[in-house]
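Quick notes on the structure that follows.
Residue numbers count from 1 along this sequence. Reckoned from all heavy atoms, side chains included, excluding hydrogens, waters and symmetry mates.
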Amino acid sequence: MTKINLKILLITSVILSGNIFAQLETSTIGSAPGAFSRLGFGARGMAMGNAMSSVLTGEKTAYYNPALSSFQEGNSFQTSYSFLSLDRSLNFLSFTRNFKMGRKQNPDGTYTKPRSVAGVSGGVINAGVGGINARDNQGIIIDELSTSENQFFIAVSNKFSDHFAIGLRFNFYYYSLYSEVSASAVGLDLGLIYILNDNFSFSFVLQNLNSEYKWDTTPVYGQSGANTIEKFPTIKKFGATYYLKDPNLLVSIEWEGSNMGT
């Protein structure tokens, strides 16, 4: 009976924690600029709760950590297209390429295998809403509107040793809100990876450095319009991954904080 009560308590704690986190997301960072770009990248990342900044197995993308590119084996191409309710869409595209160091000859005449020393990754995240009815004062539909928000990124990564890598990601955001109202932003992400051994890896990531939207609504409202600046939240993440090859087991945990108190 004690075990059953303990399980109920743990499940309840998880549910309450999830509800509190959801409320924080909705009330603060969830409504901050660039929210579409913080939902995750692709099915695998979302299925892992987006705790992917220190994961070194499988396909990798600089979305979670720009330092990951140099650990990609071979080239990687990922894309997905989704249909959401309320005429919304969320789409991803990413390409990662690694660069290897040439073989070296050992004293015994054999050669070492080429190893990955650097990587580059580029990608696009697109989110939008279509089928928005524009009506006149009589309520008659006169047009159909849509909005689109996009993030274009390119990342470079370099291994300073077999255990440590640093990466930088450059982001460009473009938000088309209305025919004459749009905004763009640029920003920078910084990522680090440290491999302790074959089982443990750790990460640190800083996202959205110096990113902000600058809006100008005077083309629509004339003298009643205004210039507005919306700053993206600066996010910091610490991640840890445990990988066991046999049996194939991967456990990843991540802590995320922002300058918005979440």
Side-chain angles (χ1 to χ4, degrees), residues 10 13-14 17 21 38 40-76 78 94-104 106-107 110-123 153-171 188-209 233-259 262:
L10 289 173
S13 299
V14 171
S17 299
F21 180 75
R38 297 188 291 275
F41 193 98
R44 187 195 185 207
M46 291 182 176
M48 287 286 290
N50 292 322
M52 297 287 290
S53 65
S54 57
V55 175
L56 299 176
T57 60
E59 302 300 313
K60 305 168 187 66
T61 173
Y63 169 85
Y64 290 106
N65 186 344
L68 290 174
S69 301
S70 57
F71 293 94
Q72 177 65 44
E73 293 297 328
N75 301 326
S76 170
Q78 303 178 57
S94 172
F95 177 77
T96 303
R97 175 182 173 83
N98 73 337
F99 298 91
K100 296 182 180 294
M101 180 181 291
R103 299 185 303 169
K104 292 183 178 180
N106 297 318
T110 61
Y111 288 88
T112 60
K113 292 183 178 180
R115 65 184 184 90
S116 176
V117 294
V120 61
S121 181
F153 65 84
I154 184 168
V156 291
S157 172
N158 186 72
K159 276 186 182 180
F160 292 90
S161 72
D162 290 336
H163 295 272
F164 181 69
I166 295 179
L168 290 174
R169 190 178 81 183
F170 303 91
N171 306 307
L188 181 68
D189 296 351
L190 170 68
L192 292 80
I193 287 282
Y194 176 72
I195 302 175
L196 181 63
N197 51 40
D198 291 339
N199 303 110
F200 288 97
S201 58
F202 302 90
S203 64
F204 172 71
V205 181
L206 274 175
Q207 292 182 320
N208 295 332
L209 299 176
T234 300
I235 297 172
K236 53 183 176 295
K237 299 189 294 186
F238 295 90
T241 293
Y242 172 76
Y243 176 66
L244 189 61
K245 189 174 182 179
D246 188 20
N248 191 16
L249 175 67
L250 175 68
V251 179
S252 182
I253 187 170
E254 194 166 286
W255 177 90
E256 178 181 307
S258 75
N259 60 347
T262 55

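- Atom CD1 of residue Ile193 and atom OG of residue Ser203 lie 5.0 Å apart, to the nearest 0.5 angstrom.
- Across Ser157 and Pro66, no two heavy atoms sit closer than the pair CB-O, 3.3 Å.
- The closest side-chain donor-acceptor pair between Gln72 and Thr96, if any, does not fall under 3.5 angstrom.
- To the nearest 0.5 angstrom, Asn208 atom CG is 8.0 Å from Arg169 atom CZ.
- With rounding to the nearest 0.5 angstrom, the CZ atom of Phe200 is 9.5 Å from the CG atom of Leu244.
- Heavy atoms only, all atoms of each residue included: Ser53 and Glu254 are closest at OG-OE1, 2.7 Å.
- For the residue pair Asp189 / Asn171, a side-chain donor-acceptor distance below 3.5 Å is found, with atom types taken as modelled.
- Taking all atoms of both residues into account, the shortest heavy-atom contact from Arg44 to Thr57 is NH1-O, 3.0 Å.
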Applying side chain to side chain contact (heavy atoms under 4.5 Å, CB included), run through Ile195 and Leu56 and close with a yes or a no. CA-CA 9 Å; Ile195 302 175; Leu56 299 176; 3.5 Å; yes
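- Between the side chain of Lys236 and the backbone N or O of Thr234, no donor-acceptor pair lies under 3.5 Å.
- In terms of heavy atoms, Met52 sits closest to Gly45 at CG-CA, 3.9 Å.
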Would Phe95 and Ser76 count as a side chain to side chain contact (heavy atoms under 4.5 Å, CB included) here? Give the steps. CA-CA 6 Å; Phe95 177 77; Ser76 170; over 6 Å; no
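- Around atom CD1 of Ile253, no more than 12 heavy atoms belonging to other residues, nucleotides or ligands sit under 6.0 Å away.
- Taken to the nearest 0.5 Å, the CZ atom of Phe170 stands 13.5 Å off from the CZ atom of Phe153.
- The shortest distance between side-chain heavy atoms of Gln207 and Leu188 does not fall below 4.5 Å.
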Would you please test Phe204 and Phe238 for ring pair (Phe, Tyr, Trp, His ring centres under 6.0 Å) and show each step? CA-CA 5 Å; Phe204 172 71; Phe238 295 90; 4.9 Å; yes
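- Closest approach of Tyr63 and Gly40 over heavy atoms only: OH-N, 3.1 Å.
- By the side chain to side chain donor-acceptor pair (under 3.5 Å) test, Ser201 is found to be paired with no residue, residues two or more places apart in sequence or in another chain being considered.
- At a cut-off of 3.5 Å, with distance as the only test, a side-chain donor of Thr241 or Ser54 sits close to an acceptor on the other residue.
- Arg38 has its side chain within reach of Ile235: a pair of non-hydrogen atoms, C-beta onward, lies under 4.5 Å apart.
- The shortest heavy-atom contact between Glu73 and Asn98 is CA-ND2, 4.2 Å.
- Residues Met46 and Phe41 have side chains not in contact (no heavy-atom distance under 4.5 Å, counting atoms from C-beta outward).
- Phe164 has its side chain out of reach of Lys159: every pair of non-hydrogen atoms, C-beta onward, lies at least 4.5 Å apart.
- Distance CD1/Ile166 to CZ/Phe160: 4.5 Å, rounded to 0.5 Å.
- Taking OG from Ser121 and CD1 from Ile154, the interatomic distance works out to 8.5 Å, rounded to the nearest 0.5 Å.
- Scanning for side chain to side chain contact (heavy atoms under 4.5 Å, CB included) contacts around Asn248 gives Tyr243, with sequence neighbours left out.
- Sparse packing is recorded around CG of Asp198, with 12 or fewer heavy atoms of other residues, nucleotides or ligands lying under 6.0 Å away.
- Relative ring orientation between Tyr194 and Phe202 is described as parallel, the plane-to-plane angle staying below 30° on a 0-90° scale split at 30° and 60°.
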